[in-house]
Amino acid sequence: MSSTIQTVNPATGRVIREFETLSDQQLDQLVEQSHQAFLDWKERSFDDRAELVRRVGELLVEHRDRLARLMTEEMGKPISQGPGEIDLCKAICDYSAENAAGVLADEARALEGGRALVTYQPMGVIFGIQPWNFPFYQVIRYAIANIMAGNTVLLKHAPNVWGCAEALADIFREAGFPEHVFSVLFIADEQASRVTAHKRVRGVTFTGSAATGRKVAAAAGEHLKKSVLELGSNDAFLVLEDADIEKAVNACVMGRNYNNGQTCVAAKRFVVVDAVYEQFRDAFVEKMKQATFGDPMHEDTALGPIARKDLRDNLHEQVKESIANGAVCTVGGELPDTDGFFYPATVLEEVKPGMPAYDGELFGPVAALIRASDEEDAIAIANDSVYGLGGGIFSEDEARAVKLVRDHFDTGMVSVNGYYIAQPNLPFGGVKDSGYGREHGGFGMREFVNVKSLMIAQ
Ligand SMILES: NC(=O)c1ccc[n+]([C@@H]2O[C@H](COP(=O)([O-])OP(=O)(O)OC[C@H]3O[C@@H](n4cnc5c(N)ncnc54)[C@H](O)[C@@H]3O)[C@@H](O)[C@H]2O)c1
């Protein structure tokens, strides 16, 4: 049975559109069509695939302004940040088109009495479940890698950004892709396990919260399907006594507030050594105060709304619970009286284990400041988390900073003396409750392939 889902503008609280979900029968048919498309797609050369992928990148850029507005309307991203997301998508298309043939080329190996080859064969239909926070980037990063590998792709996007999902389907069509190589499934969350269980689906890639990731991985495990999980985090950024404080503050505020604070690799906990704590705190608080919220359609708006009302209300509960347990709110922390789902830039000090601001993930512009006695204490606090996605460090002694994070920081990615997000040529992913598997940097193209050894007697 189908139902309807509404998209809502988080800046106004008003309904944008209604979408009808697919029935189970329609869903099964689309999965089968994806498999049929795979039988042809896997035979295409890398050059053929690359040509279409490059065209997707070009079209994304041609439609950049419209796509940026769509994101802002559906999930509240400040309009000034939308074009950057689209340009990143183009860069991923170009990188994948350029490198897939090399990443997935046969590799010769030694074999006694013969010769051997390691080959990378596409697996088939890959099911992606994606979140709303980067509506185009999240899809492009798994879809393009798999399409270049010769797989076909199904997308279940977060229901609040189905306009973006529809726009992507249009772009793949306009680029000239054969039907069903990339298919959008407008389905309810409850229907996702039906897709995972479908005999034609060979793998599941999920980006979202750890709570949902557990359910998705369990459903995949039940059917012995491979899964990749890109989950949340509570990334720590360390500020050592020899840091350039101005540089650190600028990067940390940007890293906290970018995308309205709703980034998996956002800077969320700031672990500052005693010697520079007050200096960092005062400058950080001043800069957070300047980050006011407003209409995300305005070019100069720093903070738009939180993407959904329930997420905004949950964020406020996490802030209140942290304060009830002893955190001190220096800036923000009050729920504004607005129709949209806004939340002010907020700074919490005296953040300790047992508080949501320390243990959980605060998905919004709320910074947790934590005092550390020294470098050793700082890295211990940073690692004292169930999560391990990204993080950062500030120290003017680059060799010291690199050694510390390389050998002791328990995360998949670390920024040194700056704040970086995703790079098409670098692996992206986490450890612990932040998930497993890697995207980008060629690694994403090898997640859903059959690594096949050929042993040829001579
Ligand atoms: N590691 C990464 O690369 C990365 C990137 C972006 C976001 N994230 C994380 O995503 C989270 C925010 O996204 P969210 O709030 O949309 O996450 P979410 O887990 O609520 O939803 C993610 C997706 O799963 C779907 N979903 C929800 N329940 C489901 C179920 N029972 N079965 C199958 N699918 C289901 C949603 O509709 C959505 O499409 C944060 O934790 C953030 O850190 C991680």
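We count ligands from 1, going down the list as the structure has it; atoms in each ligand are counted the same way. Predicted, not measured: the structure shown is a model, and the values here were computed from it.
Set against the non-hydrogen atoms of Pro159, the atoms of ligand 1 under 4.0 Å away are 37 (O). Against a heavy-atom cut-off of under 4.0 Å, Leu231 is close to the following atoms of ligand 1: 1 (N), 2 (C), 4 (C), 44 (C). When each atom of ligand 1 is checked for a heavy atom of Ala158 under 4.0 Å away, the hits are 38 (C), 39 (O). Every atom of ligand 1 with a heavy atom of His157 under 4.0 Å away is listed here by number and element: 39 (O). The contact set between ligand 1 and Glu230, taken as ligand atoms under 4.0 Å from a residue heavy atom, comprises 1 (N), 2 (C), 3 (O), 4 (C), 44 (C). Short contacts between ligand 1 and Leu389, defined as distances under 4.0 Å to a heavy atom of the residue, involve ligand atoms 1 (N). Each of the following atoms of ligand 1 lies closer than 4.0 Å to a heavy atom of Ala192: 33 (C).
Nearest protein heavy-atom contact of atom 32 (N) of ligand 1 is Asp189 O, 3.7 Å. Considering only non-hydrogen protein atoms, atom 35 (C) of ligand 1 sits nearest to Thr212 CG2, 3.4 Å. In this structure, atom 9 (C) of ligand 1 lies nearest to the protein heavy atom Gly208 O, 3.2 Å. Counting only heavy atoms of the protein, atom 5 (C) of ligand 1 lies nearest to Cys264 SG, 3.0 Å.
In this structure, atom 43 (O) of ligand 1 has a protein heavy-atom contact shorter than 4.0 Å.
Closest non-hydrogen pair, Ile5 versus Pro159, comes out as CG2-CB, 3.7 Å.
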Decide yes or no on side-chain contact (heavy atoms from CB on, under 4.5 Å) for Arg202 and Lys226, but give the supporting numbers first. CA-CA 7 Å; Arg202 301 309 321 150; Lys226 180 172 177 184; over 6 Å; no
Between Asp94 and Lys90, does the salt bridge (charged side-chain N to carboxylate O under 4.0 Å, His left out) criterion hold? Intermediate values first, please. CA-CA 6 Å; Asp94 290 345; Lys90 161 95 163 72; 2.7 Å; yes
Assess whether side-chain contact (heavy atoms from CB on, under 4.5 Å) is satisfied between Met445 and Ser96, documenting all intermediate values. CA-CA 8 Å; Met445 296 185 222; Ser96 308; 4.1 Å; yes
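The shortest N or O to N or O distance between Gln138 and ligand 1 is not below 3.5 Å. Among the atoms of Thr207, none of the N or O lies under 3.5 angstrom from an N or O of ligand 1. Checking only distances, Lys156 does come within under 3.5 Å of ligand 1, N or O to N or O. Residue contacts with ligand 1: Arg308 is placed with no nitrogen or oxygen under 3.5 Å of a nitrogen or oxygen of the ligand (distance criterion only).
Contacts of Gln191 with ligand 1, taken as heavy-atom pairs under 4.0 Å, are absent altogether. Here Phe206 has side-chain heavy atoms under 4.0 Å from ligand 1, and that is the only part of it that gets that close. At a heavy-atom distance under 4.0 Å, atoms from both the backbone and the side chain of Ser209 approach ligand 1. Contact annotation for Asn133 and ligand 1: only side-chain heavy atoms (C-beta onward) come within less than 4.0 Å of the ligand. Contact annotation: for Gln130 versus ligand 1, heavy atoms closer than 4.0 Å belong to the backbone alone.
Of the residues listed (Thr207, Ile126, Thr205), the one engaging Val228 in a side-chain contact (heavy atoms from CB on, under 4.5 Å) is Thr205, and it is the only one.
Annotation: Phe270 is in aromatic contact with Phe284 [ring centroid separation under 6.0 Å].
Residue contacts with ligand 1: Met75 is excluded, as none of its non-hydrogen atoms falls under 4.0 Å.
Between Phe19 and Trp162, the ring-plane angle classifies as perpendicular under the 30° and 60° cut-offs.
Gln130 contributes no side-chain N or O that, together with a main-chain N or O of His157, makes up a donor-acceptor pair within less than 3.5 Å.
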